[in-house]
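Numbered from 1 within each chain, the chains take letters A, B, ... in sequence-line order. Model, not experiment: these values are computed from the prediction. Both backbone and side-chain heavy atoms feed into the values below; hydrogens, waters and symmetry mates do not.
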There are 2 protein chains.
Amino acid sequence: MIALPDLDPRSGRAVFRQIADGLRDAITSGQLGSGARLPSEAELVERYGTARATVRQALAILATEGLVVAEHGRGVFVRVRPALRRLAADRFSRKHREAGLSAFIAEVTASGHESSVDRLSVTTAPASESVAERLELPAGAQVVVRSRRYLVDGRPVQSAVSYLPADIAGGTAIAEPDPGPGGIYARLEELGHQLERLSESLVARMPVPDEVADLELPPGVPVVGLVRIAYATNGRPVELCETVLAGDSFVLEYELPAR
Amino acid sequence: MIALPDLDPRSGRAVFRQIADGLRDAITSGQLGSGARLPSEAELVERYGTARATVRQALAILATEGLVVAEHGRGVFVRVRPALRRLAADRFSRKHREAGLSAFIAEVTASGHESSVDRLSVTTAPASESVAERLELPAGAQVVVRSRRYLVDGRPVQSAVSYLPADIAGGTAIAEPDPGPGGIYARLEELGHQLERLSESLVARMPVPDEVADLELPPGVPVVGLVRIAYATNGRPVELCETVLAGDSFVLEYELPAR
DNA sequence: AAGTGGTCTAGACCACTCT
DNA sequence: GAGTGGTCTAGACCACTTT
């Protein structure tokens with residue numbers, strides 16, 4: 001059993017917070033390393049002489065901070081943080097497309113990991129109001145909808161849905177499950193829609209329950225909601241992509257103009 | 001008292017999760033709008049015939065999801081989400097500097113809100129190993145350290161620490177609390193350090209307790225850790241800025257090269 | 001079988017807000 | 001003072017993992 005600080009009854013700080021503080025210090029100081037098991041609830045009850053509900057409250061704090069994960073029947077463990085995956089500013093560069101790689105696969109393969117895609121579905125359907133507006137399409141216009149989930153070393157890290165105007169993508173390889181080498185951007189360019197710029201906007205937030213299930217997220221892990229719009233050289237938006245990233249798996253990199 | 005679904009004893013789902021599900025539906029469906037008060041714990045105990053601890057567990061779920069905030073003595077309320085503040089891709093553009101505005105103030109003022117800065121401190125100190133490395137300075141080199149907190153309409157939304165090589169910034173307006181019109185980037189350019197590019201990297205994560213206090217974050221709100229390095233035209237890094245953003249207050253916008 | 005966390009009960013007392 | 005959430009106790013039974 002690791003060393004833990006005594007309670008300070010004069011501090012006025014709630015007992016469960018003091019217990020959480022002690023455990024947090026043990027984790028951040030490295031006394032409890034990544035993957036280490038915390039003292040069991042019973043041990044903490046004994047150590048501090050409190051009710052079990054109180055030590056559970058302490059552990060719940062650490063769980064929502066993303067510091068620990070409980071495993072039923074096994075114990076509570078310091079969370080192992082996945083290696084951060086770079087999403088680099090040049091990930092949609094033409095050189096990757098010309099190398100025949102889609103952006104995600106190029107990125108992951110470069111880091112020596114296994115990437116895969118599942119839950120792939122491709123349909124054609126009328127655009128929702130919000131999608132039509134952002135693609136600058138008339139209400140109810142048909143769009144090709146490509147939905148998929150990305151995995152690294154077998155673990156889901158990202159799910160994405162792309163919408164493309166059906167008058168561009170319909171009947172092409174883009175409407176097929178496998179769009180071919182270089183991904184849909186390579187096909188768009190072959191179809192004469194040279195990409196001019198990509199605009200991304202991001203928000204960080206806590207996941208909704210659906211996203212927790214989809215990405216198999218432990219408690220205390222936020223997501224990044226990312227919306228990308230690809231514009232062709234004529235200024236027309238040719239793709240809208242809505243992505244949800246597991247927040248603990250990515251570092252996003254961008255370049256900003258100084259001019 | 002709003003309508004809430006009955007428990008389903010055959011579902012196998014924990015009672016507190018079922019209660020949370022019902023309340024979450026009421027919130028996401030709009031039945032309980034932004035700022036609305038939830039039924040009190042006592043009312044929920046009565047409604048569901050469970051122990052108080054059980055309804056508190058349900059409410060705790062919603063709190064960690066960032067959906068509700070409890071106010072001691074008043075009730076539990078649907079969280080009012082602050083208006084998302086755009087951090088646009090051009091926020092460091094020279095036109096803003098030439099207009100005499102720093103990036104943050106330009107951004108906020110454009111949206112018709114009040115911005116302010118507090119907890120401003122400027123010191124000169126030896127760089128830590130990590131700072132020296134990223135600024136490509138020898139170990140222990142002196143850096144000007146500018147630390148500050150940004151507020152919008154009086155509420156903290158961002159805290160930031162900038163590090164600049166003392167051989168560039170020492171003894172200049174950059175080492176003063178008020179660096180003058182256009183901010184430190186305007187001063188850097190006047191000193192002959194034309195900015196070439198800015199590189200930003202971002203991660204989303206749950207805040208540590210210090211950050212919760214600094215930014216007055218309610219539970220269930222992640223932060224974005226943002227690191228920016230500004231490079232001069234000669235390729236030299238001239239500023240490292242480490243920023244923590246309240247995740248629920250910002251949407252970040254970037255442009256990506258398609259080439 | 002023993003040990004772990006997951007769920008739930010039925011209380012108690014406290015601190016805060018509102019009227 | 002009445003109503004609200006915040007903290008804490010002392011149990012109980014269950015489900016899962018390990019030996």
Side-chain angles (χ1 to χ4, degrees), chain A residues 1-2 6-23 32 35-65 67-79 209 212 218-220, chain B residues 1-2 6-23 32 35-65 67-79 209 212 218-220:
Chain A
M1 170 80 149
I2 60 163
D6 289 337
L7 300 178
D8 176 1
R10 289 162 312 182
S11 70
R13 187 158 173 84
V15 171
F16 74 89
R17 293 189 199 283
Q18 295 188 52
I19 298 176
D21 291 344
L23 291 168
L32 284 170
R37 214 197 88 180
L38 273 63
S40 73
E41 296 180 359
E43 286 170 326
L44 291 169
V45 164
E46 166 124 11
R47 166 70 183 81
Y48 288 109
T50 65
R52 187 174 160 220
T54 303
V55 316
R56 280 184 63 81
Q57 253 183 303
L59 293 169
I61 291 184
L62 302 178
T64 62
E65 288 174 356
L67 289 177
V68 306
V69 285
E71 295 185 30
H72 196 173
R74 302 215 321 123
V76 178
F77 300 84
V78 179
R79 192 158 70 83
V212 170
Chain B
M1 168 81 149
I2 61 162
D6 290 336
L7 300 179
D8 176 1
R10 290 161 312 184
S11 71
R13 189 160 173 80
V15 171
F16 73 89
R17 294 189 197 283
Q18 296 187 51
I19 298 175
D21 292 344
L23 291 167
L32 284 171
R37 215 197 88 181
L38 272 63
S40 73
E41 295 180 1
E43 287 171 325
L44 291 169
V45 163
E46 166 123 10
R47 167 69 183 82
Y48 288 110
T50 64
R52 185 172 163 222
T54 303
V55 316
R56 279 184 63 81
Q57 254 184 302
L59 294 169
I61 292 185
L62 302 178
T64 63
E65 288 174 357
L67 289 177
V68 305
V69 285
E71 296 184 31
H72 196 172
R74 303 216 317 125
V76 178
F77 300 84
V78 178
R79 191 158 70 85
V212 170

Indicate, with a heavy-atom threshold strictly under 4.0 Å, whether [X] touches base, sugar-phosphate, or nothing.
{"X": "Arg17(B)", "answer": "sugar-phosphate"}
{"X": "Ala53(B)", "answer": "base"}
{"X": "Arg37(B)", "answer": "sugar-phosphate"}

Donor-acceptor under 3.5 Å (Gln18(A) side chain, Arg13(A) main chain)
yes
Gap between atoms [atom1] and [atom2], on [X] and [N] respectively (whole Å):
{"X": "Glu46(B)", "N": "dT4(D)", "atom1": "CD", "atom2": "P", "answer": "11 Å"}
{"X": "Ile19(B)", "N": "dC8(C)", "atom1": "CD1", "atom2": "P", "answer": "8 Å"}
{"X": "Arg56(B)", "N": "dC8(D)", "atom1": "CZ", "atom2": "C1'", "answer": "11 Å"}
{"X": "Leu38(B)", "N": "dG3(D)", "atom1": "CG", "atom2": "C1'", "answer": "16 Å"}
{"X": "Leu44(B)", "N": "dG5(D)", "atom1": "CG", "atom2": "P", "answer": "8 Å"}
{"X": "Arg74(A)", "N": "dG6(C)", "atom1": "CZ", "atom2": "C1'", "answer": "16 Å"}
{"X": "Met1(B)", "N": "dT4(D)", "atom1": "CE", "atom2": "P", "answer": "11 Å"}
{"X": "Glu71(B)", "N": "dT4(D)", "atom1": "CD", "atom2": "C1'", "answer": "11 Å"}

Where each residue is assigned the nucleotide of DNA chain D containing its nearest heavy atom, which of Thr50(A) and Ala70(B) is assigned the position nearer the 5′ end?
Ala70(B)
Looking at CG of Leu62(A) and CG of Asp21(A), how far apart are the two atoms once the value is rounded to the nearest 0.5 Å?
8.5 Å
Supply the atom-to-atom distance Leu59(A) CG to Leu23(A) CG, rounded to the nearest 0.5 angstrom.
6.5 Å
Over 12 foreign heavy atoms within 6.0 Å of CD, Glu46(A)
no
Decide, applying a 5.5 Å centre-distance limit and a 30° plane-angle limit (both strict), whether His72(A) stacks on dA15(D).
yes
Nearest heavy-atom neighbours spanning Ile61(B) and Arg17(B)
CD1-NH1, 4.1 Å
Tell me whether the side-chain N or O atoms of Arg52(B) pair up with the base of dG6(D) as donor and acceptor below 3.5 Å, since no angle test is needed here.
yes
Tell me whether the OP1 or OP2 atom of dT7(C) has a side-chain N or O from Thr54(B) closer than 4.0 Å.
no
